[in-house]
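Let me begin by presenting the structure, written as structure tokens, before commenting on it.
Quick note: residue numbers are just sequence positions, from 1. Basis for what follows: all heavy atoms, side chains included, without hydrogens, waters or symmetry-related copies.
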Amino acid sequence: MKQQIVANEPAPHFSEPMQESLVPELDFAAACALAEGRHGDPFAWLGMHLVEQNGRSRLLLRAVLPGAAAIEVLDAKTGRKVAELNPVVGAEPLFSGFMGRRVKPFDYRLRISYPQAELVLDDPYRFDASLDEQACFLFNEGCLLKGWQLLGANWLECQGVKGVRFCVWAPNAKSVSLLGDFNHWDRRRHSMRRHPASGLWELFLPQIQGGEHYKFLLQTQDGSWLEKADPCARQMQGAPHNASIVPMADSDWQWQDSDWMAARAQRAWHRQAVSIYELHLGSWRRNGEGGFLSYAEVAELLVPYLQSHGFTHVEFMPLSEYPFDGSWGYQPVGLFAPSHRFGDPEGLKLLVDACHRAGIGVLLDWVAAHFPSDPHGLAHFDGTCLYEHEDPRRGRHPDWDTLIYNYGRKEVQSFLLSNACYWLEEFHFDGLRLDAVSSMLYLDYSREEGQWQANEYGGRENMEAIAFLQQLNTRLYHEYPGIIMIAEESTAWDGVSRDVAAGGLGFGFKWNMGWMHDTLDYLTKEPVHRSYHHGQLTFSLIYAYTEQFILSLSHDEVVHGKRALLEKIPGDDWQKFATLRAFYGFMWAHPGKKLLFMGGEFGQRREWQHDFSLDWHLLQYPSHQGLSDWVRDLNLCYRRQPSLWQCDGEPQGFRWLDCNDSQHSLLAFTRIDSDGNMVLVICNFTPCVREGYRLGLPEPGRYRELLNSDSAFYGGSNQGNAGGMEAEEIPWQGMPYSALIRVPPLASVYFALERG
């Protein structure tokens, strides 16, 4: 679509006198402002007004219609001609005319003759304001939950006519005009109504089609013009135009996930199995020509894949519209618009619905920590720092050269709160993962001395962001029972997943970044050196119950020179795959929910690249297929064994059997459920088989081998204890029983106690 923006052409110069008899009370400057689309109060003059002329009341109608040759006023009920409008000399394209003898306002339409066409239209300036006062109040108070129903483009019926109400927040603009396909991008055609108390501008526009492109044109206080996309647009055009798109009038989408939604509301995810597959929609798979798959095509492939691999949830990296593919979605400009790259909003609903019907939860990466400074976006929106702080010490991220939301501004709170609700409400997402929470919490994040501004108490905590996060989590958990709110928080901030009432931030879970950094660093060591770094595996149990943790191996760990997980590990291919299988076995048994980035399940060899598909051809090789099978079986075992997840956040759910055998780089522990059932786990991070290894056991009986990453089925050397192990009454390692076992090389082995 080619957009010719008439709005930015030089304004015409008016010099001829107006016909004063046709525009009583309207001075030349106001007439020119109306004709040029820069009047801050167009409804005071346009449309039908009762005026006094020569001591009597008369109905006067004014309209701005560029290019019109003649205009007739029709009675909307009868269709009969009432009057004609004439051009105001010296202020074209302003037209004006009296309604004959009529003195009582009536519903009317305009028959407009153009040189090559004739149109009959409803005049936008005959409609009353349609904004809900209560919604406006809540918006200004910072607690509006469904702001997308107030702002943006919304279909409604006004005075018996169907159309779209456009609404935008721009309290400091001198005027706002609506530009679009429907008015040939001419700023003079549709000046918007200002609501001074709320800072909102709105215009109801009949005779409009879903799918048309539009933007807002804002005149700043210094008289300059800013062309902006709709902050609440629910669809957006791709670069370079980046226009907003009017939603379709009638959506007949029928959700089929009622069973899932009802069951979700009753779930306490802290005591459930949670295994998340993190996915970048643009590079999981591509079509045959290397292009993006649609939401529907992804659903067809992804749902059975997730089912076969046993993941409980999928987490999509950001899907809010973003101009630059290389941002991976973390620099969104259209927070309410699902990315056009993969289809329309109904396609995304189809994808979520398909996952739910298959019993798979769907999480979404949500970015509230910053926003980019693209000229069509939120930056300097109405000529002032509306969404961001004016002081760069508060309002700009030095790391990403992006802007920081003013979390203390009530309308910004409503905007972000509504956006979070939007994804949960309209698309049935099961929770949000907030990116870069640390950057929200600290005023000195990535800043040197003198580059940041202390809070009112002289500290470095961002009190406004803290209050916003607490409000966000409190409101969302109340409105949408059973959701999951996740924080990527990389510091030791106290109480990220603690209840707000107890002084916490109120998240459901926090990514365990410390565990991730320690263990991945451990994997890079040669096996002969791992004994000196044994604490990197055990340290996480010291703080494992301070938060509700998710063990994450995310996209951030396989980019920018960090190498793919498989390639971080030293040794030949056999050792690489064996070590990665052993590590996954340790991870799935460690307290905390699980997250694995796509490609990690089959051993992607090259770093993740957002503009290419994963290397699915690798599955033709046994080692890669074996790793994929291991992850599948880990997930299936994990979900079947409550011991591995039921008491993740409670110390009684974990017990060390041996955490001190650094010499052999070996760990042994049990996971225990609320009924006392246990899974025993042994991990060996050296390539040596440990024959006759005596292991202390807490209870008598036979321990059956559940999983062994060294099985030949997964590509291992097939060492293990196929017959299980029988506890002997020989105390060992502080335990009343023990058994001699064979510990496979570079492997994790799970055992279950068989009770009568």
Side-chain angles (χ1 to χ4, degrees), residues 490 511-544 549 551-592 594-597 599-608 623-624 626-627 630-631 634 656-669 681-691 693 708-710 714-717 719 743-749:
S490 56
W511 275 13
N512 194 334
M513 310 292 281
W515 172 89
M516 179 268 295
H517 286 300
D518 285 347
T519 55
L520 290 185
D521 185 66
Y522 179 85
L523 290 188
T524 66
K525 312 301 182 188
E526 294 283 351
V528 69
H529 298 141
R530 287 176 182 159
S531 61
Y532 302 103
H533 302 274
H534 197 67
Q536 290 184 298
L537 294 182
T538 60
F539 179 68
S540 56
L541 269 301
I542 294 175
Y543 60 86
F549 280 121
L551 309 182
S552 58
L553 296 175
S554 75
H555 64 277
D556 279 327
E557 309 317 312
V558 292
V559 290
H560 301 323
K562 295 179 183 178
R563 296 173 294 173
L565 292 178
L566 190 69
E567 297 303 326
K568 296 178 191 289
I569 301 168
D572 58 23
D573 248 21
W574 190 93
Q575 291 191 64
K576 288 178 183 290
F577 279 98
T579 302
L580 191 55
R581 292 195 304 269
F583 175 58
Y584 286 165
F586 171 65
M587 173 181 175
W588 258 253
H590 189 288
K594 325 300 174 191
L595 179 141
L596 183 64
F597 182 56
E601 76 276 18
F602 63 79
Q604 174 85 1
R605 286 187 178 272
R606 60 181 174 86
E607 283 192 341
W608 171 55
S623 53
H624 291 276
L627 180 61
W630 172 243
V631 171
L634 270 177
W656 281 116
L657 299 179
D658 190 350
C659 63
N660 296 315
D661 193 354
S662 59
Q663 180 183 356
H664 299 110
S665 298
L666 191 144
L667 298 171
F669 54 90
V681 181
I682 304 167
C683 303
N684 178 9
F685 286 99
T686 70
C688 304
V689 179
R690 304 297 177 190
E691 294 281 2
Y693 190 91
N708 182 349
S709 68
D710 190 52
Y714 307 120
S717 61
Q719 301 295 314
V743 182
L746 293 174
S748 288
V749 186

Is there a donor-acceptor pair closer than 3.5 Å between any side-chain N or O of Tyr584 and the backbone N or O of Thr579? no

Contacts of Asp556 that satisfy salt bridge (Lys or Arg N to Asp or Glu O under 4.0 Å) - sequence neighbours left out: none

In terms of the angle between their ring planes, are Tyr522 and Phe685 parallel, tilted or perpendicular, with boundaries placed at 30° and 60°? perpendicular

By ring pair (Phe, Tyr, Trp, His ring centres under 6.0 Å), which residues pair with Trp574, not counting sequence neighbours? none

Is it true that a side-chain atom of Glu607 and a backbone atom of Ala564 form a donor plus acceptor pair closer than 3.5 Å? no

Those residues at least two apart in sequence (or on a different chain) that pass salt bridge (Lys or Arg N to Asp or Glu O under 4.0 Å) with Glu691 are Arg742

Tell me every residue that passes side-chain hydrogen bond (donor to acceptor under 3.5 Å, both in side chains) with Ser540, counting only those two or more places apart in sequence or in another chain. His590

Partners of Lys568 by salt bridge (Lys or Arg N to Asp or Glu O under 4.0 Å), sequence neighbours excluded? none

Does Glu557 use its side chain to pair, donor to acceptor, with the backbone of His555 at less than 3.5 Å? no

Holding to side-chain hydrogen bond (donor to acceptor under 3.5 Å, both in side chains), I want the full list of residues that pass it with Gln604, two or more places apart in sequence or in another chain. Asp615

With sequence neighbours excluded, tell me which residues meet side-chain hydrogen bond (donor to acceptor under 3.5 Å, both in side chains) with His624. Arg605

All side chain to side chain contact (heavy atoms under 4.5 Å, CB included) counterparts of Thr538, not counting sequence neighbours: His534, Trp656, Cys659, Leu667

Identify, with sequence neighbours excluded, every residue that meets side-chain hydrogen bond (donor to acceptor under 3.5 Å, both in side chains) alongside Asn684. Thr686

With sequence neighbours excluded, residues passing side chain to side chain contact (heavy atoms under 4.5 Å, CB included) with Val528: Glu526

Before you tell me yes or no, could you show the steps for Phe597 and Trp608 under ring pair (Phe, Tyr, Trp, His ring centres under 6.0 Å), namely the whole-Å CA-CA distance, both residues' side-chain angles and the distance that decides it to 0.1 Å? CA-CA 10 Å; Phe597 182 56; Trp608 171 55; 5.2 Å; yes

Inter- and intrachain pairs under salt bridge (Lys or Arg N to Asp or Glu O under 4.0 Å), touching residues 575-589, at least two apart: Glu567-Lys576

By side chain to side chain contact (heavy atoms under 4.5 Å, CB included) - contacts of Asp521 (at least two apart): Thr524, Lys525, Gln536

Distance check, rounded to the nearest 0.5 Å: Asp658 atom CG versus Cys683 atom SG? 11.5 Å

Does a sphere of radius 6.0 Å around OH in Tyr532 hold more than 12 heavy atoms from other residues, nucleotides or ligands, not counting ones at 6.0 Å or beyond? no

Return the CH2 to CG distance between Trp588 and Leu551, rounded to the nearest 0.5 Å. 9.0 Å

I'd like to know if the side chain of Arg530 reaches the main chain of Leu523, judged simply by a donor and an acceptor atom lying under 3.5 Å from each other, with no hydrogens or angles considered. yes

Is the backbone N or O of Ser748 less than 3.5 Å from a side-chain atom of Ser709, with the two atoms forming a donor-acceptor pair by type? yes

Lys594/Leu596 under side chain to side chain contact (heavy atoms under 4.5 Å, CB included): CA gap, chis, key distance, verdict: CA-CA 7 Å; Lys594 325 300 174 191; Leu596 183 64; over 6 Å; no

Side chain Asp710, main chain Pro744, donor-acceptor under 3.5 Å: no

